[in-house]
**Student:** 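Before I ask anything, let me first share the structure, which is written out below as structure tokens.
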There are 2 protein chains.
Amino acid sequence: MLSSRLEDYLETIYLLSKREDTVGVTEVARERGVAVPTVRSAIVKLQEAGMVRQQHYGKIILTPKGKETGASIYGVHKILYHFLAEILLIDPKRAETEACRLEHDLSRGTLNRLTAFLKTINNCVDSELGCLSKYRDLVLK
Amino acid sequence: MLSSRLEDYLETIYLLSKREDTVGVTEVARERGVAVPTVRSAIVKLQEAGMVRQQHYGKIILTPKGKETGASIYGVHKILYHFLAEILLIDPKRAETEACRLEHDLSRGTLNRLTAFLKTINNCVDSELGCLSKYRDLVLK
DNA sequence: CGAATAAGTAAGAGTGACCTTACATTACAA
DNA sequence: TTGTAATGTAAGGTCACTCTTACTTATTCG
């Protein structure tokens, strides 16, 4: 089982490797606002967990398992972000950082419920007569 | 600024002192499922933060500041619990533990939004034609 | 090519949260 | 009132996560 931090690092690597073909320790460190050696030891642990591979002085590569896990973690993130930013109408930047923190504390089951809930809610938002219009008016002043 | 753990201990002390007039280290430890000396060092830090007082071999007493902070933390907890248990319809026990974990990662602003949102949602739930009936049917099978 | 710069690694220390084991104090009851 | 059980404290160890400082390997460009 990965710790929250390791999940964070894995997610970051996952996202970085979607937009660039090689991912280095320094890049991850910059992204997460942390010193390079900190990432380093995280990589060692992720390697032990079979999530990434890395040769000496080489780039970080996700294993299939790592890719899958990263995608799943990011999936949770997206759902939370959607709830915070599009339903609660929280400032995107803040929503982003809070989703990051919350994503580790939500069980699978709760997440499924939240997903179903959001599906329903979205219908409410779409229909002009939806019960959420009041909330939106309130928040948007 | 208190760490998540210190917040947890403070909240526990707050709740315990609402139902019993004296709170001891052992009681807190039992409540949180942790060894007594662990609570001990937490108490030292809460004391430094001006949240509790305790004489040598004496009982733990909340300062006014501690009482206020504890109440506030518990308030967050209650809102989250309400959302999880009564809106998402998650099993009470699970809702309880997840609220505990989530409560430290929610900003004040987000919490306010959530509160407003829940108010609106409750109206939806009350009216039989509310947009949430679909969700409830789904979840309750 | 080879020196300068960038990137990665090693070593070691600090902090917070937890534990166990051993010791001190208090409470209570025989 | 004194000895035992309950409670509280001290000491010291582990683990995860972070840092800095110093060293090694790659890359690049003059």
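Since this is a predicted model, take the numbers as computed values, not measurements. Convention: sequence-line order gives letters A, B, ...; per-chain numbering from 1.
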**Student:** Output the single nucleotide from C/dC18, D/dT18, D/dC17 whose closest atom is nearest the side chain of B/Thr38.
**Tutor:** C/dC18
**Student:** Backbone N or O of B/Gly50 within a donor-acceptor pair of the B/Thr63 side chain at under 3.5 Å?
**Tutor:**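 Checking the backbone N and O of B/Gly50 against the side chain of B/Thr63, a donor-acceptor pair under 3.5 Å is found.
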**Student:** Quick one: is C/dC18 close enough that its OP1 or OP2 comes under 4.0 Å of any side-chain N or O from B/Tyr9?
**Tutor:**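 B/Tyr9 to C/dC18 OP1/OP2: side-chain N or O found under 4.0 Å.
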**Student:** Just the rounded figure in Å: distance from C1' of C/dA6 to CZ of A/Arg30.
**Tutor:** 11 Å
**Student:** On the nucleotide C/dG8, are OP1 or OP2 found under 4.0 Å from the side-chain N or O atoms that A/Gln54 carries?
**Tutor:**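 No, no such contact exists.
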**Student:** Check whether any side-chain N or O of A/Ser3 sits under 4.0 Å from OP1 or OP2 of D/dC17, and answer yes or no.
**Tutor:**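 Yes, such a contact exists.
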**Student:** Nearest-Å distance, NE2 (A/His104) to P (D/dA16)?
**Tutor:**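 These atoms are roughly 17 Å apart.
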**Student:** How many Å lie between NE2 on B/His56 and P on C/dA27, as a whole number?
**Tutor:**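 The answer, rounded to whole Å, is 14 Å.
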**Student:** Classify the side chain of A/Tyr57 and the base of D/dT24 as holding, or not holding, a donor-acceptor pair under 3.5 Å.
**Tutor:** yes
**Student:** Is the phosphate of C/dA7 approached by A/Thr26 (side-chain N or O, under 4.0 Å from OP1 or OP2)?
**Tutor:** no
**Student:** Rounded to whole angstrom units, what separation is found between the CD atom of B/Glu27 and the C1' atom of D/dA6?
**Tutor:**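 The answer, rounded to whole Å, is 13 Å.
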**Student:** Please determine if a side-chain N or O atom of B/Arg40 lies less than 4.0 Å away from the OP1 or OP2 oxygen of D/dA10.
**Tutor:**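 B/Arg40 to D/dA10 OP1/OP2: side-chain N or O found under 4.0 Å.
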**Student:** Are A/Leu6 and A/Leu16 linked, directly or through other ILVMFWY residues, by side chains that come within less than 4.5 angstrom of each other?
**Tutor:**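 Yes, one cluster joins them.
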**Student:** Which is true for A/Val36 with a 4.0 Å heavy-atom rule: it touches a base, it touches only sugar-phosphate, or it touches nothing?
**Tutor:**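 Base contact.
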**Student:** From CD of A/Gln55 over to C1' of C/dT9, roughly how many Å is that when rounded to an integer?
**Tutor:**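 Rounding to the nearest Å, CD of A/Gln55 and C1' of C/dT9 are 15 Å apart.
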**Student:** Can you figure out which of C/dT9, C/dT20, D/dG8 approaches the side chain of A/Pro37 most closely?
**Tutor:**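 Of the candidates, C/dT9 comes closest.
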**Student:** Just how far, in rounded Å, is C1' of D/dC17 from CG of A/Leu6?
**Tutor:** 10 Å
**Student:** Using side-chain contact (heavy atoms from CB on, under 4.5 Å) as the criterion, point out the one residue from A/Glu103, A/His104, A/His82 that pairs with A/His77.
**Tutor:**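 Testing A/His77 for a side-chain contact (heavy atoms from CB on, under 4.5 Å) against A/Glu103, A/His104, A/His82 leaves exactly one candidate, A/Glu103.
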**Student:** Atom CZ of B/Arg101 to atom P of C/dA17: distance rounded to whole Å?
**Tutor:**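 Answer to the nearest Å: 17 Å.
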**Student:** For atom CD of B/Glu20, is the number of surrounding heavy atoms from other residues, nucleotides or ligands below 6.0 Å larger than 12?
**Tutor:**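 Yes, because the 6.0 Å sphere around CD of B/Glu20 holds more than 12 heavy atoms from other groups.
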**Student:** Can you establish whether the number of heavy atoms outside B/Arg53 located under 6.0 Å from its atom CZ is more than 12?
**Tutor:** no
**Student:** Over how many whole Å does the gap from B/Lys59 atom NZ to D/dA6 atom C1' extend?
**Tutor:** 10 Å
**Student:** Counting side-chain heavy atoms from CB outward, which of C/dT9, C/dA17, C/dT20 is closest to B/Arg5?
**Tutor:**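 Selected nucleotide: C/dA17.
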